[in-house]
2 protein chains.
Amino acid sequence: MDTLLKPAHTDLPASPRLDAGPDQRPDPNHADCRGVASVLSRVGDKWSVFVIMMLSDGPKRFNELKRMINGISQRMLTLTLRGLERDGLVTRTIFPTIPPRVDYELTDLGRGLQQPVKALGEWAIEHLSQIEAARTRFDARNEG
Amino acid sequence: MDTLLKPAHTDLPASPRLDAGPDQRPDPNHADCRGVASVLSRVGDKWSVFVIMMLSDGPKRFNELKRMINGISQRMLTLTLRGLERDGLVTRTIFPTIPPRVDYELTDLGRGLQQPVKALGEWAIEHLSQIEAARTRFDARNEG
DNA sequence: CTGCATCCCTTTCGATACTG
DNA sequence: CAGTATCGAAAGGGATGCAG
């Protein structure tokens, strides 16, 4: 029973320690590297971010999300939603109707996460041109 | 010459459109989904974030970074640094000495990115316990 | 409609060995 | 020291078919 819905973001693969070794100075940066990496992995997951975005304006149904993202397979959507549910970022509400209906909604935690993600997104939008310019420059230099 | 240092984050794999289909209403969220995903992918990359963190307090040398992160292979470090350099987030300065020395340093753009990343990291630290609790609860429910 | 299982291809990543 | 080349293992992820 552990074939499909496990390879998502089960946990942290092999969280390396940034402050490894005996030379452990009080660096304000390495705080909870493991935990940070955990959340960052989720944020870095394209689908998770998209789902969180889509859930901004209220609860959505499974196929509703699938249609909105339109490029995601139902496998990945299921996987993503399970991961988000597991982390307590979204709730899954089943309506025992026929046909069955399942609503997904952001929790308070999920809505909280949405803010820093949004900030990041806005930074991205604002500096995207610079990044793309840098990429073009780099690529031209590297293979031109 | 395209065997090792390409599979990093070359570009965007298959950026799906969130606003696909004819039903395209003016949602303030989908802004530049492709661009946002691009940056988010980088942020979601564990190694990229770690390198950016390590570069917070000034320039570092290759093996210096490798030692600090300690769990990253030199292949991934090279890959990560190339990606960051390509995006204009870090600079690579070569000192033609013997032995050779290469310094990596955050650009203004990189330092700018650091802020939202840090905000996200702080959110992560602050809510990590909730997330872990949710995970434990979910796992217990799912296999207990 | 929602969602799990299987097959299978692609990408990613670590280990290792080799240059300047 | 700072990379680069290659290989093999593993994970990611799509397509399809089936079940409640």
Side-chain angles (χ1 to χ4, degrees), chain A residues 1-16 37 41-42 44-48 50-51 59-86 90-104 142, chain B residues 1-16 37 41-42 44-48 50-51 59-85 90-104 142-143:
Chain A
M1 194 183 287
D2 47 3
T3 41
L4 170 63
L5 294 179
K6 284 305 177 55
H9 358 60
T10 324
D11 234 335
L12 267 285
S15 312
S41 290
R42 182 158 308 291
D45 182 17
K46 186 174 58 179
W47 301 129
S48 292
F50 286 173
V51 168
K60 296 276 179 299
R61 300 178 55 177
F62 186 88
N63 273 344
E64 200 170 358
L65 286 170
K66 186 169 183 300
R67 189 169 307 277
M68 291 175 90
I69 298 184
N70 184 45
I72 192 174
S73 59
Q74 78 273 55
R75 181 177 171 276
M76 288 317 294
L77 183 54
T78 302
L79 240 37
T80 301
L81 287 169
R82 281 289 177 284
L84 292 172
E85 185 192 2
R86 191 172 99 102
V90 308
T91 56
R92 179 166 175 268
T93 309
I94 305 176
F95 297 90
T97 59
I98 293 191
R101 172 201 178 106
V102 181
D103 274 18
Y104 293 92
N142 201 294
Chain B
M1 195 184 287
D2 48 5
T3 42
L4 169 65
L5 293 178
K6 282 304 176 57
H9 355 62
T10 322
D11 235 335
L12 267 286
S15 311
S41 290
R42 182 160 307 291
D45 181 16
K46 188 174 56 179
W47 302 128
S48 292
F50 286 173
V51 168
K60 296 276 179 297
R61 300 177 55 176
F62 186 87
N63 274 341
E64 201 169 357
L65 286 170
K66 186 170 184 300
R67 190 170 304 278
M68 290 176 90
I69 298 184
N70 186 44
I72 192 174
S73 58
Q74 77 272 53
R75 180 177 172 276
M76 287 317 293
L77 183 53
T78 301
L79 239 37
T80 302
L81 288 169
R82 282 286 179 286
L84 293 172
E85 184 193 1
V90 308
T91 56
R92 179 166 175 269
T93 309
I94 306 176
F95 298 90
T97 59
I98 294 187
R101 172 200 178 106
V102 180
D103 273 20
Y104 291 92
N142 200 296
E143 59 177 282

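Please read all numbers here as calculations on a predicted model, not as lab measurements. In what follows, chains carry the letters A, B, and so on, assigned in the order in which the sequence lines appear, proteins first and then strands, with residues in each chain numbered from 1.
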*Does a side-chain N or O from Y104(A) land closer than 4.0 Å to OP1 or OP2 of dC1(C), or not?*
no
_Is the phosphate of dT6(D) approached by R75(B) (side-chain N or O, under 4.0 Å from OP1 or OP2)?_
no
[atom2] on [Y] to [atom1] on [X], rounded to 0.5 Å:
| X | Y | atom1 | atom2 | answer |
| --- | --- | --- | --- | --- |
| N142(B) | R82(A) | CG | CZ | 8.0 Å |
| T80(A) | L65(A) | OG1 | CG | 10.0 Å |
| I72(A) | L81(A) | CD1 | CG | 7.5 Å |
| F62(B) | T78(B) | CZ | OG1 | 3.5 Å |

*Quick one: bend of the helix from dC1(C)-dG20(D) to dG20(C)-dC1(D) from 5 pairs per end, to 10°?*
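Inter-axis angle at the ends, rounded: 40°.
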*Looking at E64(A) and R61(A), what are the two nearest heavy atoms and their distance?*
OE1-N, 3.0 Å
Measure the distance from [atom1] on [X] to [atom2] on [N] and round it to the nearest whole Å.
| X | N | atom1 | atom2 | result |
| --- | --- | --- | --- | --- |
| L79(A) | dG12(D) | CG | P | 9 Å |
| W47(A) | dG13(D) | CH2 | P | 8 Å |
| L81(A) | dT2(C) | CG | P | 11 Å |
| L77(B) | dA15(C) | CG | P | 14 Å |
| K66(A) | dG14(D) | NZ | P | 11 Å |
| R67(A) | dC1(C) | CZ | P | 8 Å |
| I72(A) | dG13(D) | CD1 | P | 9 Å |
| K60(B) | dA2(D) | NZ | C1' | 18 Å |

Select one nucleotide: of [options], the one nearest the side-chain heavy atoms of [X].
| X | options | value |
| --- | --- | --- |
| V102(B) | dA2(D), dC13(C), dG14(D) | dA2(D) |
| M76(A) | dG14(C), dG13(D), dT16(D) | dG13(D) |
| T78(B) | dT4(D), dT2(C), dG17(D) | dT4(D) |
| N63(B) | dG14(D), dC1(D), dT2(C) | dC1(D) |
| R82(A) | dC4(C), dC1(D), dT2(C) | dC4(C) |

*Near DNA chain C, which residues from residues 91-101 of chain B have a heavy atom under 4.0 Å away?*
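Those residues are P100(B).
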*Is any side-chain heavy atom of L84(A) closer than 4.5 Å to a side-chain heavy atom of S48(A)?*
yes
*Side chains of N63(B) and Q74(B): does their closest heavy-atom pair fall under 4.5 Å?*
no
*Selection residues 90-101 of chain A - residue pairs positive for side chain to side chain donor-acceptor pair (under 3.5 Å), sequence neighbours left out*: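 Those involving residues 90-101 of chain A are R92(A)-Y104(A), R101(A)-D103(A).
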